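One structure below.
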Amino acid sequence: MSNTVKLALYTDFSDEARVALNTLIFNTWGFDFDLDILCISEDHNLFESKSKMEDLEKELHFHLEEGHNIKTEIFLKGEEDKLIKHINTEAYLLLMLGISDSKVNWETDSIYNKIYYQAKTDIALVPLRHQIKIENRGIVALEFENLEKLHTLKKSEEFFKFYFAKLKLVIISDNLLSADDNKMIKAFTEKVLPGLDIDVSNFKKTASEDGILLTVLEFPIDYFIYFADDYLENLVQEKLRAARLPGIHKFTLLKMDVSLKKLNALKHNKKEISILKLRTLQEQYSSTNNN
């Protein structure tokens, strides 16, 4: 069984989907991965959808290095459940979606709503005005009692080291943390994610929900990273449904899927979890010659 990670991009061929595609191309340069491009097509548009998917596949083969297995998969309108089952069966490391700030995206029967709430994988929601650059600033936010979930970031540790200038860790807690708590958090992050520049902040849950988000997002960022089954997830989802999330046009939302099985495997460095890794020069040379 291959340990190469699998990424997925869902496209509706919109401008938002194009930004997500460009972000994927730029941010995966030099990494080892396979890629699936997914879409849903009306039956009467199937021929056009197939043509567009073939063009995307050709474009990706042109822009990416050799050695990536790129596939396309088209689902018909009405096969949304089949698409979700496919996503969960394939166990992608990450699924990327290009989104707008329209409430239409989050209506109960929309495909974006179904994917966001039903797909069991990390999901990146890329807005139209996401800026592509090599030195990004990110915020990682979670509850103090969920600190162990930071192990989830180990799946993409090399990506964060390669593309991020700084990560700000925001801890939400019932009471402000003590000096000992802060020392423990610093030691924990250095052990789990060594080599990353991480600045730690702490906010109380008693602040209003809008206040927490506005405080957390008070300075320009490129990625806002949060976790499934965490206090911040509910706050973000409410803003998404209302199309009122601060800065939604500027930064990418990255929801990390966390299961106990995945978390334990990452905590103990078990090989059953695929890790996103940079290719070595030898691997790049071998891939080029084999193709």
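For clarity, every value in this text was computed on a predicted model and none was experimentally measured.
Between Ser201 and Lys168, the closest heavy-atom pair is OG-NZ, 2.9 Å. Looking at every heavy atom in both residues, Trp106 comes nearest to Leu240 through CD1-O, 2.9 Å. Scanning both residues, Lys154 and Lys267, for their nearest heavy atoms gives NZ-O, 4.0 Å. Of all the heavy atoms in Asp257 and Ala228, the pair that sits closest is CA-CB, 4.4 Å. For the pair Val19 and Pro127, the tightest heavy-atom approach, listed with the atom from each and the gap, is CG1-O, 3.5 Å. The minimum heavy-atom distance between Leu276 and Glu158, with the atom names listed, is O-CB, 3.9 Å.
Separation of the Phe160 and Phe162 ring centroids does not fall under the 6.0 Å cut-off. No close placement of the Phe31 and His68 rings is indicated, their centers lying 6.0 Å or farther apart. Phe188 and His151 have their aromatic ring centers within a separation under 6.0 angstrom.
Residues Tyr231 and Leu176 fall into different hydrophobic clusters, defined by Ile, Leu, Val, Met, Phe, Trp and Tyr side chains chained together at heavy-atom separations under 4.5 Å. A chain of hydrophobic side-chain contacts below 4.5 Å, direct or via other Ile, Leu, Val, Met, Phe, Trp or Tyr residues, connects Phe159 to Ile132. Hydrophobic cluster membership is shared by Leu232 and Tyr117, with clusters built from Ile, Leu, Val, Met, Phe, Trp and Tyr side chains linked at under 4.5 angstrom.
For the atom pair CD1 (Ile115) and OG1 (Thr121), the distance works out to 11.0 Å, reported to the nearest 0.5 Å. Here the CD1-CG distance, from Ile198 to Leu193, works out to 5.0 Å after rounding to the nearest 0.5 Å. The OH atom of Tyr116 sits 12.5 Å away from the CG atom of Leu95 when rounded to the nearest 0.5 Å. Expressed to the nearest 0.5 Å, how far NE2 of His44 lies from CG of Leu76 amounts to 11.5 Å. Annotation: the span from Leu35 atom CG to Lys6 atom NZ amounts to 9.5 Å, rounded to 0.5 Å. Remark: Leu9 CG to Leu56 CG distance equals 7.5 Å, nearest 0.5 Å.
A donor-acceptor pair shorter than 3.5 Å can be found between the side chains of Ser14 and Asp12. Side-chain atoms of Asn113 and Ser110 include no donor-acceptor pair closer than 3.5 Å. Of the N and O atoms on the side chains of Lys205 and Asn175, not one donor lies less than 3.5 Å from an acceptor on the other residue. No hydrogens or angles considered: nothing links the side chains of Thr72 and Asp36 as a donor-acceptor pair under 3.5 Å.
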Take Ile275 and Val5 through the side chain to side chain contact (heavy atoms under 4.5 Å, CB included) test and state the conclusion after the steps.
CA-CA 7 Å; Ile275 304 294; Val5 303; 5.6 Å; no
Please step through side chain to side chain contact (heavy atoms under 4.5 Å, CB included) for the pair Leu97 and Ile123, ending with a clear verdict.
CA-CA 7 Å; Leu97 295 166; Ile123 295 177; 4.1 Å; yes
Is there a side chain to side chain contact (heavy atoms under 4.5 Å, CB included) between Ile40 and Glu80 once you walk through the steps?
CA-CA 8 Å; Ile40 286 181; Glu80 289 84 358; 3.7 Å; yes
Go through the steps to decide whether Asn69 and Phe33 satisfy the test side chain to side chain contact (heavy atoms under 4.5 Å, CB included), and finish with yes or no.
CA-CA 8 Å; Asn69 183 18; Phe33 66 95; over 6 Å; no
Can Arg18 and Glu59 be said to form a salt bridge (Lys or Arg N to Asp or Glu O under 4.0 Å), step by step?
CA-CA 12 Å; Arg18 164 53 58 179; Glu59 180 180 352; 2.7 Å; yes
Show your reasoning for whether salt bridge (Lys or Arg N to Asp or Glu O under 4.0 Å) applies to Asp32 and Arg279.
CA-CA 6 Å; Asp32 188 21; Arg279 288 180 168 185; 3.7 Å; yes
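Residues Met53 and Thr11 form a side-chain contact, since some pair of their non-hydrogen atoms from C-beta on lies under 4.5 Å apart. Considering only heavy atoms from C-beta on, Lys85 stays 4.5 Å or farther from Leu83 through its side chain. Considering only heavy atoms from C-beta on, Asp34 stays 4.5 Å or farther from Ile70 through its side chain. The side-chain heavy atoms of Glu107 and Arg241, taken from C-beta on, include no pair separated by under 4.5 Å. Annotation: side chain of Leu153 is in contact with side chain of Met256 (closest heavy-atom distance under 4.5 Å). Side-chain contact check for Tyr226 versus Leu253: some heavy-atom pair is nearer than 4.5 Å. Side-chain contact between Leu142 and Leu150: present, with at least one pair of heavy atoms (C-beta onward) separated by less than 4.5 Å. Using a 4.5 Å heavy-atom cutoff, the side chains of Asp180 and Met184 are not in contact.
The main-chain N or O of Gln118 is found under 3.5 Å from a side-chain atom of Asn88 such that the two form a donor-acceptor pair. Proximity of a side-chain donor or acceptor of Lys149 to a complementary backbone N or O of Asp229 within less than 3.5 Å is detected. When atom types are taken as modelled, the side chain of Glu90 and the backbone of Ile87 share no donor-acceptor pair closer than 3.5 angstrom. A donor-acceptor contact shorter than 3.5 Å links the side chain of Lys161 to the backbone of Pro194.
Note that Lys255 lies outside the cation-pi zone of Phe227, set by a 6.0 Å cut-off to the ring centre and a 45° limit from the axis. With Phe13 as the aromatic partner, Lys52 meets the cation-pi criteria of under 6.0 angstrom to the ring centre and within 45 degrees of the ring axis.
Between Lys166 and the options Asp197, Asp222, Asp199, a salt bridge (Lys or Arg N to Asp or Glu O under 4.0 Å) holds for only Asp197. Across Leu177, Asn182, Asn146, Val140, a single residue satisfies side chain to side chain contact (heavy atoms under 4.5 Å, CB included) together with Ile171, and that is Leu177.
Residue Lys120 qualifies as open at atom NZ: its count of foreign heavy atoms under 6.0 Å is 12 or below. Atom CD of Gln131 is surrounded by 12 or fewer heavy atoms from other residues, nucleotides or ligands within 6.0 Å.
One finds no salt bridge joining Glu54 and Lys50 here, because no Lys/Arg side-chain nitrogen approaches an Asp/Glu carboxylate oxygen to under 4.0 Å. Ionic pairing of Asp122 and Lys155 is present here: one or more N-O contacts between side-chain nitrogen and carboxylate oxygen are shorter than 4.0 angstrom. At a threshold of 4.0 Å, the pair Arg129-Glu16 does not count as salt-bridged, since none of the basic side-chain nitrogens sits closer than that to a carboxylate oxygen.
By the 30° and 60° cut-offs, the orientation of the rings of Tyr92 relative to His86 is tilted. The aromatic rings of Phe26 and Tyr163 sit tilted relative to each other, their planes meeting at an angle between 30° and 60°.
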